[in-house]
J.: 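Supplied in structure tokens, the structure appears directly below.
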Amino acid sequence: MSREMLTGNGAAAWGARLAEVDYVPAFPITPQTEIIETLAKWIEARHITARMVAMDSEHSMLAAAATAAATGVRVFTATSSQGLVYGFEMLYVITGLRVPLVLVNVSRALSHPITLEPDHNDVLAARDTGFLQIHAETCQEVLDSILMAYRLAENSRVQLPVIVNLDGFYLSFTRETVDVPSPEEVRAFLPVYEPPEAHLGSGAPMALGAAVLSPTHYTFFKYQMHRAMENAAALHAQVAAEFAEAFGRSYGAVEQYLLDDADYVIVMTNSFASMAKAEIQRLRREGRKIGLLRLRLLRPFPHREIQRVLAGRKGVAVVDQNISVGKGGILYSEIASALYGLPGRPPALYSFIGGLGGRRFRPQEFNLMLALLEGEERRPEEMTRPYLLFTEREYQEMQRLIAVARAGGASHEA
Amino acid sequence: MTEIRFHGRGGQGARVASRIVGRAGFLATLFAQDLSLFGAERRGAPIVAFTRLSRSVIDRRGYVEEPDAVIVIDDSLLQESRAQIFQGLSDGTPVIVNTRAGEIAQPESDLPQVTWVPVNMTAIALRVIGRANLSAIAAGCVARLLPELTSDILSEAVRLELKEVGLAAAVIDKNVIAAREAFEHMPSLTAPERAVKGAERAETAKLFPLPYDNSRGAAATILHPGSSALRHTGEWRMETPRIILDKCKRCFLCFLFCPEAAITLDRQNYPHIDYEHCKGCMICYQECPPEAISRSLEEEARVA
């Protein structure tokens, strides 16, 4: 083991390197490109023996990843935002082929308007595809999650691909201390992949992804993926325990932060959870009983863990860094469904939309969320609407910008 | 409500027939619905289409499971179990069959005693239209089952639908004549309107906990190469190529062009057609330089 200063992208590249991946189809996109650049450098320097192929788009990249994985080799690839949605069709093809691989997504808000900073509408668009999803908070967790992801994906009771997600900029270009395990340590945890099923080879012709024109056939294959996800949920605990044993770091499907005696819970994901933890510490110093639930495994969705953690709490605020336009926060809906009918479910369950396009949270907004949770009035209609975290000052700034954009030629220094 | 199921082979006009009858019902101010089901199949493959006509709102969609009448535009489908002609039929259900034979032999013994109605649609088509376009004629046969559908309404429906298909006015005129002739020559039968089945009891389904399969079974993967040959696509053939070996120059072009690999060469390099898989695309007929391949309607080829 060595201790390094690594960006999230660097940690992702190290994850692929330590997993001794065989094949990396690649296409650049900010803020992911550093991952494949790093792997390319290592390949050129013969530090690793993986074969990298630059493709003409993310769609081709994912098609190449699918077919390579079908030959039984270990495949790694990475993309972000527009790239993920450009290749979207292939996500369903990969899962339908039931081939294991790891795709790192570096979250970046979706165009239009085009932008660079992160939110989670890109990765959550893929929530129904059949990819497992692990969302990382730290650079260390990026590396560790990739190693765990291969164990999950390649298990004969799963055989599904995994997306490991990290936030653009806040992790991708942020260096922090990362323990990099030795290749020997990793090999003991993650041996060379031996496909449990027949795989494609030059001497073994087979038809993959055959058409099925019967609803019965389609239902069978589709629901098998759901069964595999259920298997993955059980397997995750086992893989996490083995990982903790091997490397001393423990990851649950969810992370519980200062929750033991908490009456109120903030639910978040990914790297902004670090900033939420700081706010929760501040509120704790003020004597407020509040904690954080960070969802780490998004697919399979950890219904039982969420039920166990949230039962008996007085109020829960789900903070979505995404928006299902016309509905609200995506994770809010999923958590509400996990709690429906649960004895002791929290009487208050509020939805907040924040962090779109990388917008940072303000300390005052955590106070606001807590105040709403503590409020006596429990009007159901207030709980189904999302609250947007946005200030009057930001609104005024927008009005100024809009005036500039529409004023046709005059000079407008704000 | 009257539910009619149309069976044919791709290209014969079953879909258009279902639309003519649907249009006719619409013109007769009935509630009307028509649809057709397509797979990946092509010309010659079994296809199925449906029309629902009713005096009240139609509360069904999709496949007609229990038809009040069935029309079979190609009698070779009676022998093809995959076509499922007999699914959901009851004693007395009219089954109109395009056949040159005067009567139809019951294909299987344990079928309900349906009312067979043999009609030589192809003969009408060849005589009146000049080619085997069967949609208007099939529609004419079916229209006779519904008292609301008059000969004039049928004619208007044929005109509207065939115009949409893009046929020339002269061809449409011939189709109208053919449809009216089929309509007039149909025996007077009426598809019985069934009582609404809404009040019938249904058993409660049992939940089946679909178990996890290993991934070999859980993806649409075929490990046994060549299994597509198990499907006898020769049944799709509507025209038949025949190689006249006396004229054959052994140039292999038919062998090279055959998209189904249904032509093989013998030791003397003479080509032979595998009729279990030849779909009758007639590409070999088009390509053969010495015109050593003949074409005939499949029906005639079968008789011969």
Side-chain angles (χ1 to χ4, degrees), chain A residues 66-67 69-72 92-101 130 152-161 193 195-235 300, chain B residues 7 9-10 14-15 35-50 60-65 80-84 87-88 205-233 235-236 259-261 277 279:
Chain A
T67 44
T71 68
Y92 282 90
V93 169
I94 292 169
T95 56
L97 290 176
R98 300 292 305 275
V99 290
L101 56 87
L152 291 165
E154 293 169 356
N155 187 282
S156 66
R157 290 183 57 73
V158 179
Q159 292 284 299
L160 283 173
Y193 179 44
E197 304 295 348
H199 51 278
L200 195 57
S202 56
M206 57 200 270
L208 293 152
V212 296
L213 299 176
S214 144
T216 297
H217 304 171
Y218 188 82
T219 305
F220 175 83
F221 292 125
K222 202 75 188 179
Y223 210 78
Q224 283 297 328
M225 287 187 229
H226 188 69
R227 285 281 184 253
M229 274 282 184
E230 291 172 338
N231 294 343
L235 183 66
Chain B
H7 293 276
R9 294 189 177 278
R15 180 184 78 99
L35 89 148
S36 44
L37 288 184
F38 297 89
E41 288 88 350
R42 300 177 289 180
R43 180 167 285 269
I47 74 132
V48 64
F50 318 96
R60 290 188 199 160
R61 294 196 178 280
Y63 203 98
V64 169
E65 307 272 357
E80 203 169 319
S81 61
R82 202 193 311 274
Q84 296 196 299
Q87 191 211 5
K206 286 194 179 69
L207 279 176
F208 175 73
L210 179 71
Y212 179 72
D213 216 288
N214 65 28
S215 64
R216 184 195 298 243
T221 299
I222 299 166
L223 297 178
H224 173 63
S227 58
S228 59
L230 298 174
R231 180 139 193 196
H232 290 170
T233 49
E235 290 162 349
W236 301 10
E260 301 299 331
H277 297 101
K279 292 176 180 170

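None of the values given here were measured: they were computed from a predicted structure. Chain naming here is simple, since letters A, B, ... match the order of the sequence lines and numbering starts at 1 in each.
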J.: For the residue pair A:G96 and B:A219, what are the closest heavy atoms and their distance?
T.: O-CB, 3.6 Å
J.: For A:R227 versus B:Y212, what's the shortest heavy-atom pair and its separation?
T.: CB-CD1, 3.7 Å
J.: Taking atom OG1 of B:T221 and atom CG of A:L200, what is their separation to the nearest 0.5 Å?
T.: 9.5 Å
J.: Would you indicate whether B:Y63, at its atom OH, is surrounded by more than 12 heavy atoms from other residues, nucleotides or ligands within a distance under 6.0 Å?
T.: yes
J.: Please give me the minimum heavy-atom distance between B:L223 and A:M206, naming the atom from each residue.
T.: CD2-CE, 3.3 Å
